Amino acid sequence: MNFSNDLLNVGLIQPDLLWEDPEGNLVQLEKMVGGLPGETDLIILPETFSTGFTMRADRFAEEEGGMAHAWMLKVARERKAYVTGSLIVREQERVFNRLYWVSPEGVEGYYDKRHLFRMGREHTHFHPGDARKVFTLGSFRFMPQICYDLRFPVFARNRNDYDVILYVANWPAPRHHVWETLLRARAIENLACVIGVSRVGVDGEGVDHLGGSCVVDPMGRTEGTLDHRSGILNYTIDLKKIREFREKFPAWKDADMFSLG
């Protein structure tokens, strides 16, 4: 790993996903990852990066250690970097939209999508997660969330326990302005850096996606963004700047206390 205590090099991968084609997606993602700088510390893939946002979950769900999961482990090991993104995963009789947090040494944790997109029938095919997670990478604390989670600010509330919120998504074009607006809102209200990684292209249901993968600073300013084409965004997160801002403008000290049921 090349990161210092205060700097982290992230690579946002924004592909044009192939519909229900895990083998094809892994081939194109392998090529895209190959274009990252050697000093990349964290590689971020979109939601359901091996299949697209399909509701044929029973057919495309893989067990832990399946093809796409094994590919993440391989990339992390070969690139000596952390890798994250979500897959359709079967655990016993239940299927989850599961984000893995993978280090060069193996899986360090996972987060199961809590808010399932009922307008797309996700709630009828997947089981919701029941836990809010925070992962660490060196001195950095990341809270991962998935797509529709972005609409629920209470679940994302910073309890002074993370520095970066990470959203992986298949966000549709008709609501692209919502994606841009809510990413900035989550950054401002939580005094945190926000990273959003989505996809481009039309899926098998005819839904278009405009990408817009980006990094937003705690003031709500977009520091880097991708347009509506397949591509990579490289960015260096400065932890010292995030924490200095939280100390200079400590609105978090006046936040309302709450607990999640």
Side-chain angles (χ1 to χ4, degrees), residues 10-22 24-26 28-29 31-33 35-36 40 42-55 68 72 83-88 97-101 111 113-117 119-120 122 126 142-152 156 164-187 192-217 220-235 237:
V10 298
L12 285 61
I13 306 293
Q14 179 173 280
D16 184 346
L17 292 178
L18 305 174
W19 186 245
E20 297 182 344
D21 185 356
N25 281 316
L26 296 185
Q28 72 159 330
L29 288 168
K31 293 178 181 177
M32 295 182 76
V33 168
L36 288 167
T40 302
L42 173 62
I43 300 167
I44 309 169
L45 304 161
E47 178 185 27
T48 54
F49 66 81
S50 67
T51 57
F53 191 62
T54 177
M55 291 302 102
M72 295 180 78
V83 179
T84 192
S86 92
L87 300 170
I88 302 173
N97 186 339
R98 176 168 291 177
L99 175 144
Y100 282 110
W101 186 256
Y111 162 70
K113 186 176 183 180
R114 178 175 174 87
H115 300 95
L116 301 179
F117 188 56
M119 286 70 82
E122 188 179 17
F126 292 81
F142 284 81
M143 186 181 69
Q145 302 210 335
I146 301 175
C147 204
Y148 191 45
D149 285 331
L150 179 58
R151 286 184 175 268
F152 301 92
V164 183
I165 318 176
L166 173 62
Y167 289 98
V168 302
N170 272 222
W171 201 275
R175 293 180 292 282
H176 190 74
H177 71 286
V178 176
W179 167 256
E180 296 176 327
T181 301
L182 292 184
L183 288 174
R184 291 195 297 271
R186 296 296 87 83
C193 174
V194 170
I195 298 176
V197 179
S198 191
R199 58 158 297 180
V200 296
V202 180
D203 69 17
E205 301 289 343
V207 178
D208 194 12
H209 305 79
L210 298 180
S213 300
C214 63
V215 180
V216 183
D217 77 3
R221 297 175 297 206
T222 301
E223 294 287 291
T225 189
L226 288 169
D227 60 17
H228 307 331
R229 293 170 292 182
S230 177
I232 297 170
L233 174 62
N234 300 302
Y235 185 82
I237 308 173

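None of the values given here were measured: they were computed from a predicted structure.
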State the [atom1]-[atom2] distance between [X] and [Y], to the nearest 0.5 angstrom.
X    : Y    : atom1 : atom2 : value
T40  : Y235 : OG1   : OH    : 15.0 Å
D149 : R114 : CG    : CZ    : 9.0 Å
I165 : L150 : CD1   : CG    : 8.5 Å

Fill in: Parallel, tilted or perpendicular, as decided by the 30° and 60° cut-offs, for the rings of Y148 and H115
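Aromatic pair H115/Y148 classed perpendicular.
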Practice prompt. Please check if the side chain of E47 supplies one atom and the backbone of S86 the other of a donor-acceptor pair under 3.5 Å.
Written response: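 The answer is no, because no donor-acceptor pair under 3.5 Å joins these two groups.
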Worksheet entry | Any side-chain donor near an acceptor of the partner, S230 and D16, under 3.5 Å |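 D16 and S230 do not have a side-chain donor-acceptor pair below 3.5 Å.
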Would you indicate whether the side-chain heavy atoms of [Y] and [X] approach each other to under 4.5 Å?
X    : Y    : result
V200 : R229 : no
I237 : I195 : yes
V10  : N234 : no

Discussion item. Among I43, L166, L45, which residue satisfies the side chain to side chain contact (heavy atoms under 4.5 Å, CB included) criterion with T84?
Written reply: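 One option only clears the test, and that one is L166.
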Discussion item. Go through it in stages, so that I can follow the logic: the residues are Y100 and V83, the test is side-chain contact (heavy atoms from CB on, under 4.5 Å), and I'd like the CA-CA distance, side-chain angles, deciding distance and then a yes or no.
Written reply: CA-CA 8 Å; Y100 282 110; V83 179; over 6 Å; no
Fill in: Test side-chain contact (heavy atoms from CB on, under 4.5 Å) applied to Q14 and L233, step by step
CA-CA 8 Å; Q14 179 173 280; L233 174 62; over 6 Å; no
Item to complete: Take E205 and F53, measure what side-chain contact (heavy atoms from CB on, under 4.5 Å) needs, and give me the verdict at the end.
Response: CA-CA 9 Å; E205 301 289 343; F53 191 62; over 6 Å; no
